[in-house]
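Taking it in order: structure first as structure tokens, then the write-up.
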Amino acid sequence: MDIADASGGRFPSNPDQALACLTDIHTWYRSTGPIPDDEHTIDTLASDPSPLGPPVTNPGQIFAVGLNYADHSQETGLTVPDEPLIFTKFASSIAGPAHAIPLPTETCDWEVELVVVIGSPGRDIAAENAARHIAGFCVGQDISERKAQMAGSPAQFSLAKSHQAFTPIGPWITTLDELATPYDLAITASIDGETVQSARTSDMIFDIPTLISHLSKVCELRTGDLIFTGTPAGVGYSRNPARYLRPGNLLTSKIEGLGVLRNAVTVAQNSWSAVQCTS
Ligand code: ZN
């Protein structure tokens, strides 16, 4: 629904701006909030999120954590880092929970991740206070073009992870009060129904409060900032033989209690696949 209309103009319709008044929106909705129409209930949107755009459209900062699950570190052959390994994804790569992902090359890979959405801003946030700065969680994919990501020495991640629609998030933001065990959720990715990643978010090496504390020692965390908290084992490039996304695949990313992303993998215009997909 348009929350500006529904609230008689009290709240902004831009979801990024609405995040700044989340507590007031909660209070308003629980007391006088309208009922969504039948077409757009949580149940219908869970099975078909296509009416939804990304729940944060233009985050100021997107932090991402590399090698934050031991089994994923192991499959890449890299040692577990002593402190969080941070890179960025650029905001123009944000996409919704059912947007198509056009492949720019033949070597694009999947990484399902829990995404933290920052609510109240802060610097030097102690780990024990981290939850106060979290608006909620959503599901994310850190789509990665592996050839460019691994080409340099040292490797550089950010551009290779920021092609168009390489950062689908959603289907919505779940506040922590909706979750019995917010730091221990089942996380899976599947391709055309075949499970390729399956883990629990409690397997993270650096947990979410530690990540928030670590990042906020350097950067002010601001409302709407996103933290991609790392992916578990099962990505394509560390398989033997390596496996990558193909045009026509349906990539499904799911986290217990947070919902599901259903992104169709398609062909980027003027790229390799415009030819290959007809063969
Ligand atoms: Zn990642």
Side-chain angles (χ1 to χ4, degrees), residues 14-20 22 42 45-66 68 86-102 108-119 133-145 157-158 160-176 178-179 182 185-190 197 201 204 208 211-212 215 221-232 235 245 250-266:
N14 180 321
D16 300 19
Q17 292 168 5
L19 269 179
L22 201 54
I42 288 283
L45 291 169
S47 54
D48 176 16
S50 59
L52 297 170
V56 181
T57 65
N58 190 24
Q61 304 181 96
I62 306 173
F63 303 96
V65 186
N68 201 25
I86 305 298
F87 58 94
T88 189
K89 287 168 75 74
F90 296 107
S92 57
S93 63
I94 288 279
H99 284 164
I101 303 169
C108 298
D109 201 353
W110 57 87
E111 293 192 358
V112 64
E113 307 201 9
L114 183 143
V115 178
V116 177
V117 182
I118 295 297
H133 296 266
I134 298 173
F137 294 159
C138 62
V139 186
Q141 264 290 344
D142 174 18
I143 304 290
S144 305
E145 202 293 291
F157 288 10
S158 299
K161 289 166 170 273
S162 296
H163 285 273
Q164 181 188 357
F166 266 31
T167 310
I169 55 169
W172 41 71
I173 298 166
T174 300
T175 49
L176 301 200
E178 301 282 343
L179 302 165
L185 305 171
I187 176 168
T188 60
S190 63
Q197 293 185 280
T201 58
M204 284 180 200
I208 288 166
L211 293 174
I212 288 176
L215 291 169
L221 300 186
R222 296 172 174 172
T223 305
D225 283 353
L226 305 179
I227 305 170
F228 275 69
T229 54
T231 199
V235 300
L245 293 167
L250 177 67
L251 177 61
T252 305
S253 315
K254 183 174 183 181
I255 300 179
E256 178 185 6
L258 305 188
V260 186
L261 312 182
R262 297 177 201 278
N263 298 101
V265 179
T266 62

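In this chain, residues are counted from 1 in sequence order. Computed from a predicted model, the values in this text were never measured in an experiment.
- Nearest heavy-atom pair across P168 and G96 is CB-O, 3.6 Å.
- Side-chain contact check for C108 versus F166: some heavy-atom pair is nearer than 4.5 Å.
- Taking CD1 of I169 as the reference point, atom CG of L52 lies at 11.5 Å (rounded to 0.5 Å).
- Smallest separation of non-hydrogen atoms from T175 and A135: CG2-O, 3.4 Å.
- Between D16 and T57 the shortest heavy-atom distance is OD1-N, 2.8 Å.
- Annotation: Q164, atom CD; neighbour count of heavy atoms from other residues, nucleotides and ligands within 6.0 Å does not exceed 12.
- In this structure, V260 and V139 have side chains that are not in contact, with every pair of non-hydrogen atoms separated by 4.5 Å or more.
- Residues L19 and I173 meet the side-chain proximity criterion, which asks for heavy atoms closer than 4.5 Å.
- Between the side chain of S158 and the backbone N or O of F87 there is no donor-acceptor pair closer than 3.5 Å.
- Side-chain contact between T266 and I101 is absent, with no heavy atoms from C-beta onward closer than 4.5 Å.
- Using a distance-only test at 3.5 Å, with no hydrogens or angles considered, a donor-acceptor pair links the side chain of Q197 to the main chain of P232.
- For the pair F137 and I255, the minimum side-chain heavy-atom distance is 4.5 Å or more.
- In terms of heavy-atom proximity, P15 sits nearest to P55 at CB-O, 3.6 Å.
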Original post:
Going through the checks in order, is the side-chain contact (heavy atoms from CB on, under 4.5 Å) test met by M204 and T229?
Top reply: CA-CA 8 Å; M204 284 180 200; T229 54; 3.2 Å; yes

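- For the pair I143 and L251, the minimum side-chain heavy-atom distance is below 4.5 Å.
- Within the 4.5 Å cutoff, the side chain of V56 has no heavy atoms near those of the I94 side chain.
- Of the residues P51, P97, P171, the one that meets the side-chain contact (heavy atoms from CB on, under 4.5 Å) test with L45 is P51.
- Shown here are the side-chain contact (heavy atoms from CB on, under 4.5 Å) partners of A46, two or more places apart in sequence or in another chain: W172.
- The closest side-chain heavy-atom distance from F90 to I62 is not below 4.5 Å.
- When every heavy atom of C138 is checked against every heavy atom of G170, the shortest pair comes out as CB-O, 3.6 Å.
- Atoms OG1 and CG, on T231 and L114 in that order, are 11.0 Å from each other to the nearest 0.5 Å.
- Side chain to side chain, S144 and D109 fail the donor-acceptor criterion of an N or O pair below 3.5 Å.
- Taken from CD1 in I118 to CD1 in I227, the straight-line distance is 4.0 Å, to the nearest 0.5 Å.
- For the atom pair CD of E113 and CG of N68, the computed distance is 9.0 Å after rounding to the nearest 0.5 Å.
- For S50 (side chain) and A98 (main-chain N/O), no donor-acceptor pair under 3.5 Å exists by modelled atom type.
- Taken from OG1 in T174 to CG in L258, the straight-line distance is 5.0 Å, to the nearest 0.5 Å.
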**OP:** With side-chain contact (heavy atoms from CB on, under 4.5 Å) as the test, would you mind laying out the steps for L221 and F63 before giving the verdict?
**Re:** CA-CA 10 Å; L221 300 186; F63 303 96; 3.6 Å; yes

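- Rounding to the nearest 0.5 Å gives a distance of 9.0 Å between OG1 of T167 and NZ of K161.
- With Q141 contributing its side chain and E111 its backbone, the two residues share a donor-acceptor pair below 3.5 Å.
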